[in-house]
Amino acid sequence: MASLDTFASDPLITAITADVKAYMANYDASHDWSHIQRVLGLARHIYAHSAHRTSLDLRVIHLAALLHDVGDRKYLSPTSPDPTTAVQDLLLSHGADPDLATRVQTICLGVSYSTEIKNPAYTAELVARYPELGVVQDADRLDAIGAVGIGRCFTFGGAKTGREMAGTMEHFDEKLVRLEGMAKTEVGRELMKERTRRLREFMGWWEEEVGFAEGV
């Protein structure tokens, strides 16, 4: 697997890493710096084990994994920067090449699950044009399932929605168990298969345990 310190001496990535750490400190634990680190590690793993590595730009993958939650609409406030250009503007402020900034911005906007559900053909077109998107998207979705994904789902439900735990469990059927079928890379699909199995096992435990409340 490619080492995480591959870009340790890259001034752009060093600056962006510091900015993202500060930016994510404003989010709850479901979307914090630890999430970014896991997505980055997963993206690097997918890249390292991909049969199509030669067609992928690891620096683009690294930047997009770092920046994919900058401008996340779930956390916007009236004073937030424009989410459609926030990544690009940040990169340009650190002297990034304009073409690189545009490419990374496009990839970050394409990671969204809701965007793909609304227009899957558009997402497929983006992945064909920017194959790095498939890597980062799979990495982000892998962190939404399995043991970590379960923890993140309940954390987000409590922090942002106020919904009861049963409401969070509905999200498993609505979205999480569907992610495996939306994988863009072979490596990601294999990892999702096991993490989805863990989700389904947890769902079975949940039904068993809450069943004791029936009729009470």
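Keep in mind it's a predicted model, so treat the numbers as computed, not measured.
Under the 4.5 Å side-chain contact rule for hydrophobic residues, V148 and V136 do not share a cluster.
One N or O on the side chain of Q105 and one on the backbone of V87 form a donor-acceptor pair closer than 3.5 Å. Between the side chain of T85 and the main chain of Q88, no donor-acceptor pair closer than 3.5 Å is present. Although no hydrogens or angles enter the test, the distance criterion places a donor-acceptor pair under 3.5 Å between the side chain of D138 and the main chain of K184. With hydrogens and angles disregarded, no donor-acceptor distance shorter than 3.5 Å links the side chain of R73 to the backbone of P83. In this structure, the side chain of T106 engages the main chain of T102 through a donor-acceptor pair within 3.5 Å. Listed for the R189 side chain is a donor-acceptor partner under 3.5 Å among the backbone atoms of A183. Side-chain atoms of R53 come within 3.5 Å of backbone N or O of S50 as a donor-acceptor pair.
Within the 4.5 Å cutoff, the side chain of D57 has heavy atoms near those of the R103 side chain. T155 has its side chain out of reach of H31: every pair of non-hydrogen atoms, C-beta onward, lies at least 4.5 Å apart. The shortest distance between side-chain heavy atoms of L90 and S93 falls below 4.5 Å. With a 4.5 Å cut-off on side-chain heavy atoms, I16 and L67 count as touching. Side-chain atoms of H45 and L191, non-hydrogen and from C-beta on, do get closer than 4.5 Å to each other. Under the 4.5 Å side-chain criterion, counting only non-hydrogen atoms from C-beta, H171 is in contact with C153. Under the 4.5 Å side-chain criterion, counting only non-hydrogen atoms from C-beta, F172 is not in contact with W206.
Annotation for V39 and D143: closest pair CG2-CB, 4.2 Å, computed over non-hydrogen atoms. In this structure, V70 and A86 approach most closely via the heavy-atom pair CG1-CB, 4.0 Å.
The residues R141 and E116 are annotated as salt-bridged, a charged nitrogen and a carboxylate oxygen being separated by less than 4.0 angstrom. The residues E190 and K193 are annotated as not salt-bridged, no charged nitrogen and carboxylate oxygen being separated by less than 4.0 angstrom. A salt bridge does not link R163 to E170: none of the charged nitrogens lies less than 4.0 Å from a carboxylate oxygen. Ion pair E194/R197 flagged as a salt bridge, since at least one NZ, NE, NH1 or NH2 atom sits closer than 4.0 Å to an Asp/Glu carboxylate oxygen.
Residue I145 forms a side-chain contact (heavy atoms from CB on, under 4.5 Å) with just one option from T196, V177, I150, and that option is T196. A side-chain contact (heavy atoms from CB on, under 4.5 Å) with H68 is found for one member of V20, I36, L40 and no other, namely I36.
Separating the CG atom in L63 from the OG1 atom in T17 is a distance of 8.0 Å, to the nearest 0.5 Å. Remark: E207 CD to F202 CZ distance equals 10.5 Å, nearest 0.5 Å. Here the CZ atom belonging to R200 is positioned 15.0 Å from the CH2 atom belonging to W205, to the nearest 0.5 angstrom. Here the straight-line distance linking atom CG of L66 with atom NZ of K21 works out to 10.0 Å at 0.5 Å rounding. Atoms CH2 and CE, from W33 and M24 in turn, are 9.0 Å apart once rounded to the nearest 0.5 Å. To the nearest 0.5 Å, atom CD1 of residue I46 and atom CD of residue E132 are 13.0 Å apart.
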Take D19 and H94 through the test side-chain hydrogen bond (donor to acceptor under 3.5 Å, both in side chains) and record every step on the way to the result. CA-CA 10 Å; D19 283 352; H94 287 293; 2.5 Å; yes
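For D32, the side-chain contact (heavy atoms from CB on, under 4.5 Å) partners two or more places apart in sequence, or in a different chain, are A29, S34, H35. Y27 is linked by a ring-ring contact (aromatic ring centres under 6.0 Å, His included) to Y23, Y75, counting only residues two or more places apart in sequence or in another chain.
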